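Okay, so here's the structure we're looking at.
Each chain gets a letter, A, B and so on, in the order its sequence line appears, and its residues count up from 1. Please read all numbers here as calculations on a predicted model, not as lab measurements.
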There are 2 protein chains.
Amino acid sequence: MNVIEYINSFMPLSDETVDELSAKARTQDLPKNFLLQKEGEICNRTFYVEKGLVRWYYINRDGKNITDSFGVENSFVTAFDSFFQRRPSRYFIETLEDSTITSITYDDLEETFEKFPEVQKLSRLILIQILEQVLDKNVALQFHNAQERYEFITEKHPDLLQRVSLGHIASFLGITQETLSRIRAKK
Amino acid sequence: MNVIEYINSFMPLSDETVDELSAKARTQDLPKNFLLQKEGEICNRTFYVEKGLVRWYYINRDGKNITDSFGVENSFVTAFDSFFQRRPSRYFIETLEDSTITSITYDDLEETFEKFPEVQKLSRLILIQILEQVLDKNVALQFHNAQERYEFITEKHPDLLQRVSLGHIASFLGITQETLSRIRAKK
DNA sequence: AGTGTTTTTTGATTTAAATCAAATACGATT
DNA sequence: AATCGTATTTGATTTAAATCAAAAAACACT
């Protein structure tokens, strides 16, 4: 599903808006391990994953690589701490598979907001989705042990278990990969 | 600062929009420990904290009371898993101090969205703020030990330490109150 | 197929924080 | 001021998961 089809599936837009967005969007086929965003940079694009998989992560004080979340097909991803506020980001965003990514720049999006207010609504709806995901993960991590965290991902994101390395899953769940491997072995 | 003044401070609205919102908003003085929202109910209002303090929390599998976050003066709070999607919430929201709370219902807000599109933008900006807070907390919790979590709150929300009980702070940070008490004693 | 690289598993040990339990301090109310 | 209830601190013990280390398995490339 391309980005226009996806948007239409939950909030139909006028033809004019679709034309405008289509004209401004850029679609790219990117290889595995391509960096869409680097720490320290102001993120200038919001990405839509048409095909493939991305993850966003940061480097913590100990130099460890912590996966904050994944973006599967039909997800919007950006450096949420940077794109809107125009501040340097703490996040990296990278593809984990060969991916087809559509994106739009901050300026183009802002321009579209002004011209077509319905895009404000669209953006609001997408933000709500993202906020929900993030809160879900919060609940899953806080005061849940390693076993329960693993169950969270098997229930909510079983597809990821097939596609993502153990190390990335572990850091997403806030546990070490050794611990995750042992949990998996028990079943 | 009342809600209109606060909104005006970061996104000035037209007089018509202000009038509409003012007409639809309800302001209440509520005592400490008043429940604004109960688990299992569809949250029908978004709240603005003009004065006082609220927390939102949920009950986990073990029956423990987990503080997800606080809303200080000039914050918007709602059951984010419920208000927008019209689904039963897992959250409770309660006042922790005598508070002045302004709120608007879902239907009134939706109506205002339709009449005055600039409110869509306002809502989007508020959602971005909230998303940032939540992500910040994610980063603070994931792979940080109890000491570091405590530092997060002393740096980002020092005011809360004076106003909120140790137990609530501890559950917000994902640690037990005994552990938090010991950390505090060391300094 | 064979070699090198990365990922995952397994084992032994340590450690931070949870748990359990009790004492102390604090606050509100009469 | 005395009492009751709640919140916080302190202590002893247990435990889950991290760490350290190395082997095994999976994958990628020539």
Side-chain angles (χ1 to χ4, degrees), chain A residues 31-35 52-53 55 57 59-67 70 92 94-98 137 139-154 158 160-187, chain B residues 31-35 53 55 57 59-67 70 92 94-98 137 139-154 160-187:
Chain A
K32 186 174 172 172
N33 297 324
F34 185 89
L35 265 187
L53 181 62
R55 73 170 183 128
Y57 64 98
I59 309 288
N60 78 355
R61 295 194 204 180
D62 309 329
K64 271 189 207 144
N65 195 300
I66 315 288
T67 299
F70 303 96
F92 295 84
E94 71 170 4
T95 58
L96 292 181
E97 301 174 354
D98 296 346
K137 192 192 161 190
V139 171
L141 294 197
Q142 203 158 356
F143 283 107
H144 286 101
N145 64 26
Q147 174 71 48
E148 289 162 339
R149 292 177 190 200
Y150 182 67
E151 283 161 17
F152 165 75
I153 204 165
T154 57
L160 289 177
L161 291 175
Q162 311 308 317
R163 296 168 73 180
V164 177
S165 79
L166 185 100
H168 290 154
I169 298 278
S171 88
F172 171 72
L173 294 177
I175 59 183
T176 60
Q177 57 175 9
E178 292 95 327
T179 296
L180 182 54
S181 176
R182 280 182 249 262
I183 286 169
R184 207 192 238 176
K186 272 198 277 183
K187 297 260 156 162
Chain B
K32 186 174 171 172
N33 297 325
F34 186 88
L35 265 188
L53 181 63
R55 73 170 183 128
Y57 64 98
I59 309 289
N60 77 356
R61 296 194 203 179
D62 309 328
K64 270 188 207 146
N65 195 300
I66 314 289
T67 298
F70 302 97
F92 295 84
E94 70 170 5
T95 57
L96 293 181
E97 302 175 354
D98 295 347
K137 192 192 161 191
V139 171
L141 293 198
Q142 203 158 357
F143 284 107
H144 287 102
N145 63 27
Q147 173 72 46
E148 290 162 339
R149 293 177 190 200
Y150 182 67
E151 283 161 17
F152 164 76
I153 205 166
T154 57
L160 288 177
L161 292 175
Q162 310 308 316
R163 296 168 74 180
V164 176
S165 79
L166 185 101
H168 290 155
I169 297 278
S171 88
F172 172 71
L173 294 177
I175 59 183
T176 61
Q177 58 174 10
E178 291 95 328
T179 296
L180 183 54
S181 175
R182 280 181 248 263
I183 286 168
R184 205 192 240 175
K186 272 198 279 183
K187 297 261 154 161

Between B:Ile169 and the options B:Thr67, B:Val164, B:Ile175, the side-chain contact (heavy atoms from CB on, under 4.5 Å) test singles out B:Val164
d(CD, A:Gln147; C1', D:dA18) in whole Å: 17 Å
Looking only at atom types and distance, does a side-chain atom of B:Asp98 sit under 3.5 Å from a main-chain N or O of B:Lys32, one as donor and one as acceptor? yes
Taking only the side-chain nitrogens and oxygens of B:Lys186, find out if one of them lies under 4.0 Å from OP1 or OP2 of D:dT9. no
What's the spacing between B:Leu180 CG and B:His168 NE2 if we round to 0.5 Å? 12.5 Å
Between A:Ser165 and A:Phe143, which has a closest nucleotide on DNA chain C that is more 5'? A:Ser165
Ignoring the backbone of A:Leu166, work out which of D:dA17, C:dT9, C:dA17 is nearest its side chain. C:dT9
Rounding to an integer number of Å, can you tell me how far A:His144 NE2 sits from D:dA16 C1'? 15 Å
Are A:Pro31 and A:Thr95 side-chain neighbours, meaning at least one heavy-atom pair lies under 4.5 Å? no
Determine: side-chain N/O of B:Lys32 to OP1/OP2 of C:dG27, distance under 4.0 Å, yes or no. no
Please report, rounded to the nearest Å, how far the P atom of D:dT19 is from the CG atom of B:Asn145. 10 Å
What I'd like to find out is whether the side chain of A:Arg163 reaches to under 4.5 Å of the side chain of A:Phe70, using heavy atoms alone. no
If you round to the nearest 0.5 Å, how far is CG of B:Leu53 from CG of B:Leu160? 6.5 Å
How close or far is atom C1' of D:dA17 from atom CD of B:Gln142, stated in whole angstroms? 15 Å
How far apart are the C-alpha atoms of A:Tyr57 and A:Glu94, what are their side-chain angles, what is the distance that settles it, and do they pass the side-chain contact (heavy atoms from CB on, under 4.5 Å) test? CA-CA 8 Å; A:Tyr57 64 98; A:Glu94 71 170 4; 3.8 Å; yes
The nucleotide from D:dA16, D:dT10, D:dT19 with an atom nearest the side chain of B:Ala185 is D:dT10
Separation of D:dA17 C1' from A:Arg182 CZ (nearest whole Å): 9 Å
Taken to the nearest whole Å, CG/B:Asn60 to P/C:dA18 is 13 Å
Sorted by number, the residues of residues 170-181 of chain B with heavy-atom contact under 4.0 Å to DNA chain C: B:Gly174, B:Ile175, B:Thr176, B:Glu178, B:Thr179
Please determine whether any donor N or O and acceptor N or O are separated by less than 3.5 Å between the side chain of A:Arg184 and the base of C:dT10. no
